[in-house]
Amino acid sequence: MNEQSVTRGYAYAKEQYAAYGVDVEAAMEKADRIPVSMHCWQGDDVIGFDGGGALSGGIAATGNYPGRARTAQELRADIDFARTMIPGAVKLNLHASYADKHGRDIDRDAYTIAEFQEWADWAKGQGLGLDFNPTYFSHPRMDGDFTLSSLDKGTRDFWIEHGIRCREIGLEFARQLGQPCAVNYWMPDGYKDACADTKLRRDLMRESLDAIFAPDIDEELVPCGLESKLFGIGVESYTVASHEFSYGYAVKNRKLYTLDAGHFHPTEVISAKLTACLEFLDKVLLHVSRPVRWDSDHVVLLDDELQKIMDEIVLNGLEDRVLIGLDYFDASINRIACWTIGMRNSRKALLSACLAPAAIRQAERSGDWTTRLAVQEERKTLPLGAVWDYYCMTRGVDAGQDWLKRVKQYEADVLSKR
C-alpha cells in the first residue's frame, strides 16, 4: 500500500479514536506485546514426521491443496516465510509428532530433547519461544481410541511415559529459549456408542495424569494444561476428558485448563467461560479455532466470537493469565495463507480490543446502560482498518492485501515444485 495513503488514513483514525479518549499509539504498543502461539500443524495437515501414519483419534484434515510441507526443513522454511507477514509477538506451538528421529528406531515413550534440538536451535535463532503438545493420536500403540484410559496397563504405561517425557522436553525448551513453554495435554479417549460404565475410564485417566505430573518440574517454566472436548469423530457418545473432568482436574491440581473454541456445543462459546474459569484458576490456555457446525477447525476469521475472546482478555486485564494459541488445519487452500490470515486476524482482534473506548465500561459501572449500548455500537464503525494498516507498516509487514501477492509468488516458486 502507498505509505502516504496509510499515513493519512492513520491521522484521521487517530483523531476519531481520540474523540473517545483512546490513545492509539499506546493501544498499538500494547497489542504488539501480547504473544500468540502459531501452530506448526497447519503446514503439513497434522501428519508430523515421526512416522505415526494416517490420522486417527477423531482428527481429519480435509482438502488436497498442493505444497504440503514434507520435512521439518520445509515446514520451518514455510513458517519463516509466513512470519514475515505476521506482526507482533509470536511463539511456535509444536506437537511431539514433529520429532526428528534422525533415522533411529525410537518411539514416543523415549523421546528426549535430542529429537527436538533442531527445533530449539532454529527457534533460538529466530528469537521465538516454543510451546509443546504430547501427541496422543495417530499411533499404533493406541488401544482403539484409548490411550491414558486404556484397560491395558502396558498401553497406559507407554502413554504415561510419553506425557512425562514431554514435560521434560518442555523444560529444556524453556531453559534454552528463556521463555516459559506451555505443554498442553489432549487425549482423544472415548466411545463411539453408548457405554455402560462412564466411571472406570475416568478413574484410569485421573490415575495416569497423576503419574505424569508426579515428577517435580517447575511449572512457572512449564505450565501444563488439560484440554477438554465434547466429542470426536469415532468417539461421539462418550469422551473421557470432558469439560467437567478436565476443568475439575485443573482446579484440583492447579493446572491450566485449555479452552478450545471448537470443543463445545455449537451454542456455547469460550469467550463466555474465560472469567468464570479464572475465578478458580491462575491461568488458562486457549486454542483459537473456528468451528463450522462443530470442531471442524476452519481458519480463524475476524468474526464476533474472535473479537469477544480478545475483548475478554484485554478489557479484563488478563493478558498475563491467558495464553493464546491457534489450532486449525485447512488443506483446501494455500496453507501459508491459512497461517497468515488466522494470525493476522488474531492480532487485529487484539488491536481492536486495545482500542476499545473506556467509556463503554465507565457507562456500565455508573448504571448508564444507554451510553454503554450507544458507544458499543459506535465502536463497530471506528476506523480500525486504518490503524491496522499503519501498525503493520511500522512493524515492517505488509499492510492491506499486499501479503497475498507474496504468498502467490512463494507458491509459484516453492510450493508448486514439491
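Listed here is the closest heavy atom pair of Leu306 and Val300: CD2-CG1, 3.5 Å. Between Ala31 and Cys354, the closest heavy-atom pair is N-SG, 3.7 Å. Contact record, Arg344 with Cys392: NH2-SG, 4.0 Å, taken as the closest heavy-atom pair. Shown here for Asp131 and Ser37, the closest heavy-atom pair between the two residues is OD2-OG, 2.8 Å. Closest non-hydrogen pair, Thr135 versus Trp159, comes out as O-CZ3, 3.2 Å. Of all the heavy atoms in Arg33 and Ala89, the pair that sits closest is O-CB, 3.8 Å.
Judged purely by distance below 3.5 Å, without hydrogens or angles, the side chains of Asp107 and His162 never pair a donor atom with an acceptor atom. Side-chain contact annotation: Asp152 with Ser150, donor-acceptor N/O pair under 3.5 Å absent. Under the 3.5 Å distance criterion, with hydrogens and angles disregarded, no donor-acceptor pair is assigned to the side chains of Thr155 and Asp143. Defined by atom type and a distance below 3.5 Å, a donor-acceptor pair is missing between the side-chain atoms of Asp193 and Tyr238. A side-chain donor-acceptor contact under 3.5 Å links His265 and Thr267. A donor atom on one side chain and an acceptor atom on the other are found under 3.5 Å apart for Asn133 and Asn93. Side-chain polar atoms of Arg156 and Ser149 form no donor-acceptor pair below 3.5 angstrom. If you check the side chains of Arg372 and Gln362, you find no donor sitting under 3.5 Å from an acceptor. For the residue pair Thr258/Asn184, the side-chain donor-acceptor check at 3.5 Å is satisfied. Gln176 and Gln117 share a side-chain donor-acceptor pair at under 3.5 Å. Side-chain contact of Ser97 with Asp50: a donor-acceptor pair under 3.5 Å is absent, judged by distance alone.
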### Query
Do Val36 and Val90 pass the side-chain contact (heavy atoms from CB on, under 4.5 Å) test, and can you show the C-alpha distance, the side-chain angles, and the key distance before you say yes or no?
CA-CA 5 Å; Val36 177; Val90 174; 5.8 Å; no
Stepwise side-chain hydrogen bond (donor to acceptor under 3.5 Å, both in side chains) test for Tyr249 and Asp210 | CA-CA 10 Å; Tyr249 190 93; Asp210 287 347; 2.7 Å; yes
* ring-ring contact (aromatic ring centres under 6.0 Å, His included) evaluation trace for Trp186 with His287 -> CA-CA 11 Å; Trp186 173 74; His287 274 189; 9.4 Å; no
**Asked** Step by step, would you call Tyr328 with His39 a ring-ring contact (aromatic ring centres under 6.0 Å, His included)?
**Response** CA-CA 8 Å; Tyr328 52 81; His39 55 310; 4.4 Å; yes
- Asn316 vs Arg361, side-chain hydrogen bond (donor to acceptor under 3.5 Å, both in side chains): CA-CA, chis, key distance, verdict: CA-CA 10 Å; Asn316 289 299; Arg361 290 199 159 197; 3.2 Å; yes
Pair Leu151, Leu200 - check side-chain contact (heavy atoms from CB on, under 4.5 Å), show working. CA-CA 9 Å; Leu151 301 181; Leu200 174 60; 3.7 Å; yes
Could you walk me through whether Tyr17 and Val387 pass side-chain contact (heavy atoms from CB on, under 4.5 Å), step by step? CA-CA 10 Å; Tyr17 277 103; Val387 178; 3.8 Å; yes
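At a threshold of 4.0 Å, the pair Lys199-Asp203 counts as salt-bridged, since one of the basic side-chain nitrogens sits closer than that to a carboxylate oxygen. Here Glu161 does not pair with Arg108 in a salt bridge; the nearest charged N to carboxylate O distance is not below 4.0 Å. A salt bridge between Asp45 and Arg335 is present, with a side-chain N of the basic residue lying under 4.0 Å from a carboxylate O of the acidic one. A salt bridge links Asp282 to Arg254: one of the charged nitrogens lies within less than 4.0 Å of a carboxylate oxygen. A salt bridge links Glu319 with Lys30: the distance from a Lys NZ or Arg NE/NH1/NH2 to an Asp or Glu carboxylate oxygen falls below 4.0 Å. Of the charged side-chain nitrogens involved, none lies within less than 4.0 Å of a carboxylate oxygen, so that Lys308 and Glu305 do not count as a salt-bridged pair. Residues Glu411 and Lys408 are not paired through a salt bridge, judged by the lack of any N-O separation under 4.0 Å between the basic side chain and the carboxylate. Between Arg395 and Asp32, at least one side-chain nitrogen of the basic residue sits less than 4.0 Å from a carboxylate oxygen of the acidic one, meeting the salt-bridge criterion. Salt bridge Asp189/Arg202: absent, no basic N to carboxylate O contact under 4.0 Å. The pair Glu115-Lys101 fails the salt-bridge criterion, with no side-chain N (NZ, NE, NH1 or NH2) lying under 4.0 Å from an Asp/Glu carboxylate O.
Between Phe132 and Phe173, the ring planes lie perpendicular to each other; the angle is over 60°, past the 30° to 60° tilted range. Using a 30° and 60° split on the angle between ring planes, Tyr391 and Trp388 fall in the tilted class, from 30° to 60°. Classified by interplanar angle (parallel below 30°, tilted 30° to 60°, perpendicular above 60°), the ring pair Phe49/Tyr98 is perpendicular. Taking the six-membered ring where the residue is Trp, Tyr185 and Tyr136 present tilted rings, their angle falling between 30° and 60°. The aromatic rings of His243 and Tyr247 lie parallel to each other, their planes meeting at an angle below 30°, with 60° marking the opposite boundary. The aromatic rings of Phe116 and Tyr111 sit perpendicular, their planes meeting at an angle over 60°, well past the 30° parallel limit.
With contacts defined as side-chain heavy-atom distances shorter than 4.5 Å, the pair Leu278/Thr275 does not qualify. For the pair Ile341 and Trp339, the minimum side-chain heavy-atom distance is 4.5 Å or more.
A cation-pi arrangement, defined by a distance under 6.0 Å to the six-membered ring centre and an angle within 45 degrees of its axis, is absent between Arg379 and Tyr20. For the pair Arg76 and Trp119, the cation sits on the ring face: its NZ or CZ lies under 6.0 Å from the ring centre, inside 45° of the axis. Geometric assessment of Lys255 against the ring of Phe213 yields a positive cation-pi assignment under the 6.0 Å and 45° thresholds.
A donor-acceptor pair under 3.5 Å is absent between the side-chain atoms of Thr239 and the main chain of Ser242, judged by distance alone. The backbone N or O of Asp303 sits nowhere less than 3.5 Å from a side-chain atom of Arg290 that would complete a donor-acceptor pair. One N or O on the side chain of Ser208 and one on the backbone of Leu148 form a donor-acceptor pair closer than 3.5 Å.
Cys166 pairs with exactly one of Cys224, Cys181, Pro134 by the side chain to side chain contact (heavy atoms under 4.5 Å, CB included) rule, that one being Pro134. Considering Met187, Arg141, His139 as possible partners of Thr147, the one that fulfils the side chain to side chain contact (heavy atoms under 4.5 Å, CB included) test is Met187. Tested against Phe264, the residues Leu259, Asp295, Val269 include a single side chain to side chain contact (heavy atoms under 4.5 Å, CB included) partner, Leu259.
Listed by chain and number, the residues in a side-chain contact (heavy atoms from CB on, under 4.5 Å) with Ala353 are Gln307, Met310, Asp311, Val314 (sequence neighbours excluded).
Residue-environment remark: NZ (Lys192) stays at or below the threshold of 12 foreign heavy atoms within 6.0 Å. More than 12 non-hydrogen atoms from other residues, nucleotides or ligands lie less than 6.0 angstrom from CG of Asp413. For CG of Asp304, the number of neighbouring non-hydrogen atoms (other residues, nucleotides, ligands) closer than 6.0 Å is 12 at most.
The ring of Phe231 has its center closer than 6.0 angstrom to the ring center of Trp294.
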